[in-house]
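Position 1 is the first residue of the sequence, and the numbers go up from there.
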Amino acid sequence: MNTSLKLLACCAVVLAGCATGSRSLPEFSTLSAQPGLRDPLVMLNGDRITTREQWEQQRRPELKAIFQHYMYGQIPAPVAMKATVKGVHRDFLDGKATLKIISLDAPNGGPSIDLLLVTPNNRPGPAPVFLAMNFCGNHALTADTRVPLTKGWLYNSCKGCTNNVATEAARGGQAQDWPLARLVERGYALASFCTTDIDSDRKEVSDGIYAWLAGDDAAKNNPTNRGSIAAWAWGYSRCVDYLVNDRDVDAKRIAAVGHSRNGKTALLAAAYDERIALSIPHQAGCGGTAPNRVSAALAAPQKNGRPTAETIKVINGNFPHWFNGEFKKYNDTTDKLPFDQHELVALCAPRPVLFSNAQDDQWANPSQQFEVLQAADPVYRFLGVEGLVAKQMPPHRQLVDSRLGYYIREGKHSMTADDWDMFMNFADRQFGARR
Ligand code: GCU
């Protein structure tokens, strides 16, 4: 090709990218299998990133486009929510904390988020905050009747929920797993909201943000192309919008936490929202912290017909509403995906990320999660900070508290008060001893 023709071809590619509003990413049919976790510092076109500027201006935008295009779907655009502080109670937890009840309301009948904020009374100045999405409603975190019962659809497995609705018996149903008093004693605030305020977690029903955005055009709200995790990540960011303006909260020390599907969400939110200073995707596994490329041994069906670790084929089958339509194309040819989850972690660099796990929760693939951190480590080092210091998985209960952190304990899939102690240990180290 002569030079002018080449130039013309280049312009056509650039224009095509502009016309669709996105960069042009390879189609499924043009991709070939790529076993293993690719080098995150290499662009899709093979160019190596050698400067911080290239990382910021080329590779990060490329990765952001990749995850939205192939996996999670577009994270809905920010919406200016109206924040109303409905109550401020300084006598919470025997006067040790202040309880704030906040409502964040989108205009025109859009989502309303009930945000619960608990801040310590014993510390001077604004407190670092854990922002955590919960499964069972804010009212499940404390028996205090000033916290409104969640109004939307809830899982019947949540204590005190009947016909998917919270009853008075639901109050404090998870209080033992959310150690509010311990958090404020150690100088932390906790902000929490419930998944259902954004998108109730059902494949057959869409009653949340996507239904609102689609308006009367139901075709815009295809259940297999919905992307609930992206919607929930949007929810984290709307809470951050509020938190950065609350004087009791340290806007520079917002940590996103979530368990399991909520952990997948916490990591996605941190990757796209740089105001989140630290993230803890706890037992997040497939579609979050575990690689899409599950090893053959762990993907092999066991006696019960299930693999040892969850694969994208399984997750897409059981939870089609979590990811977009594109992701399903890769169920049987996962190796063709031109990325893996270490690159989502890389989007968080240089900010701290902790993967925490449980021994009996092999479904979440704890051993390959460690490999994900190892594969993200070069980006942290490239940006001049410590990555993952551990060379191998640590013994149970020994926290690796480097910027890329890792933890595994005995026991099963759960988020307990002890896990919160460890989250605080990690945050202490990463936010600094004198917070
Ligand atoms: C299922 C699912 C996991 C998910 C978990 C949860 O087990 O397969 O991917 O993390 O639910 O959210 O509790």
Do the rings of Phe130 and Trp420 sit parallel, tilted or perpendicular, given the 30° and 60° boundaries?
perpendicular

CG (Asn262) and CE (Met133) are apart, to the nearest 0.5 Å, by 3.5 Å

Listed by chain and number, what are the disulfide bond (SG atoms under 2.5 Å apart) partners of Cys136, not counting sequence neighbours?
Cys158

Under 3.5 Å, is there a donor-acceptor pair between the Ser206 and His321 side chains?
no

Residues Asp197 and Asp114: closest non-hydrogen pair is OD2-N, 3.0 Å

Closest non-hydrogen contact found for Glu62 with Leu44 is OE1-N, 3.0 Å

What's the shortest heavy-atom distance between Val372 and Leu37, and which atoms?
CA-CD1, 4.2 Å

Nearest 0.5 angstrom please: Trp234 CH2 to Ile198 CD1, how far?
5.5 Å

Side-chain H-bond candidate by donor/acceptor type, Asp419 with Thr416, under 3.5 Å:
yes

When rounded to the nearest 0.5 angstrom, what distance separates CD in Gln58 from CE in Met43?
5.0 Å

Could you tell me whether Asp248 and Arg123 make a salt bridge, using a distance below 4.0 angstrom between a side-chain N and a carboxylate O?
no

If I take atom CG from residue Asp401 and atom CD from residue Gln430, how far apart are they, to the nearest 0.5 angstrom?
6.5 Å

Any side-chain donor near an acceptor of the partner, Thr50 and Arg48, under 3.5 Å
no

To the nearest 0.5 Å, atom CG of Asp241 lies from atom CG of Leu115 at 11.0 Å

Locate the shortest heavy-atom distance separating Leu399 from Asn425; write the atom from each residue and the value.
CD2-CB, 3.9 Å

Is the CG atom of Asn304 crowded by more than 12 outside heavy atoms at less than 6.0 Å?
yes

Heavy-atom donor-acceptor pair, Asn324 side chain to Phe327 backbone, under 3.5 Å:
yes

Test item: side-chain donor near acceptor, Asp199 and Ser228, under 3.5 Å
yes

Looking just at side-chain N and O atoms, do Asp428 and Tyr188 make a donor-acceptor pair shorter than 3.5 Å?
yes

Quick check on Asn318: does its CG atom have over 12 non-hydrogen neighbours (other residues, nucleotides or ligands) under 6.0 Å away?
yes

Kindly check if the number of other-residue, nucleotide or ligand heavy atoms within 6.0 Å of CG (Asn163) is above 12?
no

Using a strict threshold of under 4.0 Å (side-chain N to carboxylate O), is an ion pair present between Asp273 and Arg275?
yes

Of all heavy-atom pairs linking Thr150 and His139, the shortest is N-ND1, 3.0 Å

Hey, is CD on Gln392 packed in by over 12 heavy atoms from elsewhere, all under 6.0 Å?
no

Would you please name every residue forming a salt bridge (Lys or Arg N to Asp or Glu O under 4.0 Å) with Glu326, sequence neighbours left out?
Lys329

Please check if any side-chain donor atom of Asp201 sits under 3.5 Å from a side-chain acceptor atom of Trp322, or the reverse.
yes

Taking atom types as modelled, is there a side-chain donor on Asn357 or Gln369 under 3.5 Å from an acceptor on the other?
yes

Measure the CG-OH distance between Asn292 and Tyr330 for me, rounded to the nearest 0.5 Å.
11.5 Å

Could you tell me whether the side chain of Ser192 and the main chain of Leu116 form a donor-acceptor pair under 3.5 Å?
no

Looking at the rings of Tyr236 and Phe193, which for Trp means the six-membered one, are their centres under 6.0 Å apart?
yes

I'd like to know if the side chain of Glu386 reaches the main chain of Arg403, judged simply by a donor and an acceptor atom lying under 3.5 Å from each other, with no hydrogens or angles considered.
yes

So do Phe355 and Pro366 actually touch side chain to side chain, heavy atoms under 4.5 Å?
no

Using the rule side chain to side chain donor-acceptor pair (under 3.5 Å), only one of Glu410, Arg409, Lys412, His396 pairs with Gln359; which is it?
His396

Just do the salt bridge (Lys or Arg N to Asp or Glu O under 4.0 Å) check on Arg38 and Glu343 with the steps written out, would you?
CA-CA 9 Å; Arg38 63 190 298 289; Glu343 288 161 315; 2.8 Å; yes

Relative to the ring of Phe135, is the ring of His259 parallel (under 30°), tilted (30 to 60°) or perpendicular (over 60°)?
perpendicular

Go through the side-chain N and O atoms of Ser103 and Asp105 and say whether any donor and acceptor fall under 3.5 Å apart.
yes

Carefully, step by step, assess Asp47 and Arg59 under the rule salt bridge (Lys or Arg N to Asp or Glu O under 4.0 Å).
CA-CA 10 Å; Asp47 288 353; Arg59 185 62 174 144; over 6 Å; no

Are there more than 12 heavy atoms of other residues, nucleotides or ligands under 6.0 Å from atom CZ of Arg90?
no

Atom of Thr119, atom of Ala189 and distance for their closest heavy-atom approach:
CG2-CB, 3.9 Å

Could Arg306 and Trp363 be counted as a cation-pi pair, given that NZ or CZ must be under 6.0 Å from the ring centre and within 45° of the axis?
yes

Arg351 side chain vs Ser279 backbone, donor-acceptor pair below 3.5 Å
no

CD of Gln176: more than 12 outside heavy atoms within 6.0 angstrom?
yes

So Asp335 and Arg293, side-chain contact (heavy atoms from CB on, under 4.5 Å) or not? Walk me through it.
CA-CA 6 Å; Asp335 277 5; Arg293 287 165 174 77; 3.6 Å; yes

